[in-house]
S.K.: 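I have a structure here, written as structure tokens, and I will follow up with some questions on it.
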2 protein chains.
Amino acid sequence: MSPKNPSVDIEAIDEVIHGRLRLGIMAYLSAVNPASFPELLDKTGASNGNLSTHLSKLEAVGYIAQEKGYAGKKPQTLVHLTDSGRDAWINYLTAMQSLINI
Amino acid sequence: MSPKNPSVDIEAIDEVIHGRLRLGIMAYLSAVNPASFPELLDKTGASNGNLSTHLSKLEAVGYIAQEKGYAGKKPQTLVHLTDSGRDAWINYLTAMQSLINI
DNA sequence: AAAACTAGTTTGTGTTACAAACTAGTTTTA
DNA sequence: TAAAACTAGTTTGTAACACAAACTAGTTTT
């Protein structure tokens, strides 16, 4: 419950998703699931380090899962959106929509 | 854009607006313009200090203007959305929409 | 066998968000 | 008429965050 009664409910915005890069990752995964690390690098334009960090953050809250395997002899991380992540994404969209429409 | 090759243009998201509280401020001002400081406090649920800081940030980039006057003998700051701010808001909505719809 | 490339992770630094503490004036209460 | 409480903000200190550079580790090419 909000302490006041705000008509712009910014508390409803999930900060874990809201961060710009994580938002991009989630948006992309909502359409393409799973996606590889290099694919996300390319689509989001992030640096390796930054992508790695934010994937860890999304994984820590259970919105994605990183499946570390191999494509031939090269290591390949596949990033999956989890059920919980998809739920959170839907909630985020709903919250943003009601905020934007006031 | 083809649904098989979605792109996520996170650069298009205006970070000044994207911050959660600033997003709330802009969203509220897009509907109620101008709004007083206490009104924004109430509607966003922010603390005074935090609201003050973020208003300064929005003012610094020219998205809002703070008109400091009096209501009777009490000081009253009226916060106006500027034309530039309204443009930025429209652009933000557009960018978010294309990111969300992939 | 050295160089270059792929696929990431760790680390260091500047930026940001937030609330607590503060300033300044006004109204109420004792 | 003092003191307390309230309104309306601003400044400041700290913890969290974003980001890129540097690093690890293995693979392929020259």
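All values derive from a computational prediction rather than experimental measurement. All chains are named by letter (A, B, ...) in the order of the sequence lines, taking the proteins before the strands, and each is independently numbered beginning at 1.
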S.K.: Enumerate the residue pairs fulfilling salt bridge (Lys or Arg N to Asp or Glu O under 4.0 Å) with a member in residues 76-86 of chain B, sequence neighbours excluded, ordered by first and then second residue.
M.R.: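 Matches after skipping sequence neighbours: none remain.
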
S.K.: For residues A:I100 and B:L93, determine if any side-chain heavy atom of one lies less than 4.5 Å from a side-chain heavy atom of the other.
M.R.: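 Of all side-chain heavy-atom pairs linking B:L93 with A:I100, at least one is under 4.5 Å.
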
S.K.: Under the rule for side chain to side chain contact (heavy atoms under 4.5 Å, CB included), what residues qualify as partners of A:L29, not counting sequence neighbours?
M.R.: A:I25, A:N33, A:A35, A:I64, A:V79, A:L81

S.K.: State, to 0.1 Å, how close B:A27 and A:V8 come at their nearest heavy-atom pair, and which atoms those are.
M.R.: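 Where B:A27 meets A:V8 most closely, the heavy atoms are CB-CG1, 4.3 Å.
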
S.K.: Specify the separation, in whole Å, of atom CG of A:N48 and atom C1' of C:dT11.
M.R.: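 After rounding, the gap between these two atoms is 15 Å.
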
S.K.: Holding to side chain to side chain contact (heavy atoms under 4.5 Å, CB included), I want the full list of residues that pass it with B:D9, two or more places apart in sequence or in another chain.
M.R.: B:E11, B:A12

S.K.: What integer distance in Å separates A:L55:CG from C:dT9:P?
M.R.: 8 Å

S.K.: Return the polar atom pairs (N/O with N/O) between nucleotides 22-27 of chain C and the protein under 3.5 Å, or none.
M.R.:
none

S.K.: Taking the side chain as C-beta and beyond, is there a heavy-atom pair between A:Y92 and A:L23 under 4.5 Å?
M.R.: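 When only atoms from C-beta onward are counted, A:L23 and A:Y92 do touch, with a gap below 4.5 Å.
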
S.K.: If you restrict it to nitrogen or oxygen atoms, what contacts under 3.5 Å exist between nucleotides 13-17 of chain C and the protein, and what is each distance?
M.R.:
unit_1 : atom_1 : unit_2 : atom_2 : d
C:dA17 : OP1    : B:R22  : NH1    : 3.2
C:dA17 : OP1    : B:R22  : NH2    : 3.2
C:dA17 : OP2    : B:R22  : NH1    : 2.8
C:dA17 : OP2    : B:K57  : NZ     : 3.1

S.K.: Holding to side-chain hydrogen bond (donor to acceptor under 3.5 Å, both in side chains), I want the full list of residues that pass it with B:E67, two or more places apart in sequence or in another chain.
M.R.: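 Checked B:E67 against side-chain hydrogen bond (donor to acceptor under 3.5 Å, both in side chains); matches are B:H80.
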
S.K.: Given side chains that start at C-beta, do those of B:Y63 and B:M26 come closer than 4.5 Å, heavy atoms only?
M.R.: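 Of all side-chain heavy-atom pairs linking B:M26 with B:Y63, at least one is under 4.5 Å.
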
S.K.: Sequence neighbours left out, cut at 3.5 Å: what donor-acceptor pairs do the side chains of residues 51-60 of chain A make with other protein atoms?
M.R.:
unit_1 : atom_1 : unit_2 : atom_2 : d
A:T53  : OG1    : A:G49  : O      : 2.8
A:H54  : ND1    : A:R22  : NH1    : 3.0
A:H54  : NE2    : A:N50  : OD1    : 3.2
A:S56  : OG     : A:S52  : O      : 3.1
A:E59  : OE1    : A:Q66  : NE2    : 3.2
A:E59  : OE2    : A:Q66  : N      : 3.3

S.K.: Pull out every stem in DNA chain D, meaning runs of 3 or more consecutive Watson-Crick or G-U wobble pairs with both distances under 3.5 Å.
M.R.: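 Correct response: C:1-30 with D:1-30.
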
S.K.: For A:E39, give me all partners under side-chain hydrogen bond (donor to acceptor under 3.5 Å, both in side chains), at least two apart in sequence or on another chain.
M.R.: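 For A:E39 the side-chain hydrogen bond (donor to acceptor under 3.5 Å, both in side chains) partners, ignoring immediate neighbours, are A:Y28.
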
